[in-house]
Amino acid sequence: MARLTLESPADVRLLDKGLSAGEALAAFNATHDHAGGIASFLGKVRPGEDVKALELTHYEPLTLPGMEKLAGQALDRFALDGVLVWHRVGTMQPGEGIVLVAAAARHRRAAFDAVDYLMDHLKSAAWFWKRERRGDGANGAWHWIEPRGDDHAALARWK
């Protein structure tokens, strides 16, 4: 039995610490126990490439309302039973979760497509600024991360 209570049909959250994917997905499954399929994606801070930390900042007046609108669009577009869209802000270490999205639907294809749609929008057309800290000590420096061409191409396919 999941201890976490979720909003239905859309649970959208900005988190400044911790992201327990297991707990969230257990609660999401319990909330949508009549769904035929649940798909999810967990994005994490990539280890390697000398990355020591990732920092995400956002524009607070638009971020949560924008995420809620995006969740509503996914619900309408893919005939879902529910969606979960959680995104971290602040400083994270390699291996930590950044974003968790999940979709519950009667059929698997709608759930898979909705997760893909949500991530393409969050990755490329969202309200977050990312920078990575690379290197140690005095040699360490922050570098801004821009969406890649592949990210923009992925977003364009939904228009």
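- Within a 6.0 Å sphere centred on CD of E68, other residues, nucleotides and ligands contribute more than 12 heavy atoms.
- Applying the side chain to side chain donor-acceptor pair (under 3.5 Å) definition to pairs two or more places apart or across chains, those involving residues 87-102 are R88-E96.
- A continuous path of hydrophobic side-chain contacts links F41 to V12 [ILVMFWY only; heavy atoms under 4.5 Å].
- Taking the side chain as every heavy atom from C-beta outward, D11 and V83 never approach each other to under 4.5 Å.
- Paired with R13 under the rule side chain to side chain contact (heavy atoms under 4.5 Å, CB included), one option of L6, L64, V85, L19 passes, and it is L6.
- Taking both residues in full, the closest heavy atoms of M92 and G97 are given as SD-O, 3.8 Å, listed atom of the first, atom of the second, then distance.
- Taking CD of E55 as the reference point, atom CZ of F128 lies at 13.5 Å (rounded to 0.5 Å).
- A 6.0 Å sphere centred on NZ of K69 holds no more than 12 heavy atoms belonging to other residues, nucleotides or ligands.
- With values rounded to the nearest 0.5 angstrom, H32 atom NE2 is found 4.0 Å from S8 atom OG.
- Remark: the backbone N or O of G135 is paired with a side-chain donor or acceptor of D50 at under 3.5 angstrom.
- Between L15 and V89 the shortest side-chain heavy-atom distance does not fall below 4.5 Å.
- Taking both residues in full, the closest heavy atoms of W86 and L4 are given as CH2-CD2, 3.4 Å, listed atom of the first, atom of the second, then distance.
- Contact annotation: the side chain of R46 never approaches that of V51 to less than 4.5 Å [non-hydrogen atoms, C-beta and beyond].
- With a 4.5 Å cut-off on side-chain heavy atoms, K130 and E132 do not count as touching.
- Screening L122, V45, L42 against I98 for a side chain to side chain contact (heavy atoms under 4.5 Å, CB included) leaves a single residue, V45.
- Connection of W127 to M119 is established within a shared hydrophobic cluster, with ILVMFWY side chains joined at heavy-atom distances below 4.5 Å, either directly or through further cluster members.
- Atoms NE2 and CE, from H58 and M67 in turn, are 9.5 Å apart once rounded to the nearest 0.5 Å.
- Residue pairs meeting the side chain to side chain donor-acceptor pair (under 3.5 Å) criterion with at least one member in residues 99-116, sequence neighbours excluded: D116-R157.
- Contact detail for P9 and L75: the closest heavy-atom pair is CG-CD1, 3.8 Å.
- Closest heavy-atom contact between A74 and L80: O-CD1, 3.6 Å.
- Scanning all heavy atoms of the two residues, the minimum distance from A111 to A105 falls at N-CB, 3.9 Å.
- With a 4.5 Å cut-off on side-chain heavy atoms, L84 and L100 count as touching.
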#### Entry: side-chain contact (heavy atoms from CB on, under 4.5 Å) between I38 and F28, worked out
CA-CA 9 Å; I38 292 177; F28 189 72; 3.9 Å; yes

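- Cluster annotation: V115 and F112 are assigned to distinct hydrophobic clusters (Ile/Leu/Val/Met/Phe/Trp/Tyr, side-chain heavy-atom contacts under 4.5 Å, transitive).
- R77 is linked by a side-chain contact (heavy atoms from CB on, under 4.5 Å) to Y117, W158, counting only residues two or more places apart in sequence or in another chain.
- Expressed to the nearest 0.5 Å, how far CG of L14 lies from CG of L56 amounts to 10.5 Å.
- In the hydrophobic clustering of ILVMFWY residues, with side-chain heavy atoms under 4.5 Å counting as a link, L155 and I145 come out apart.
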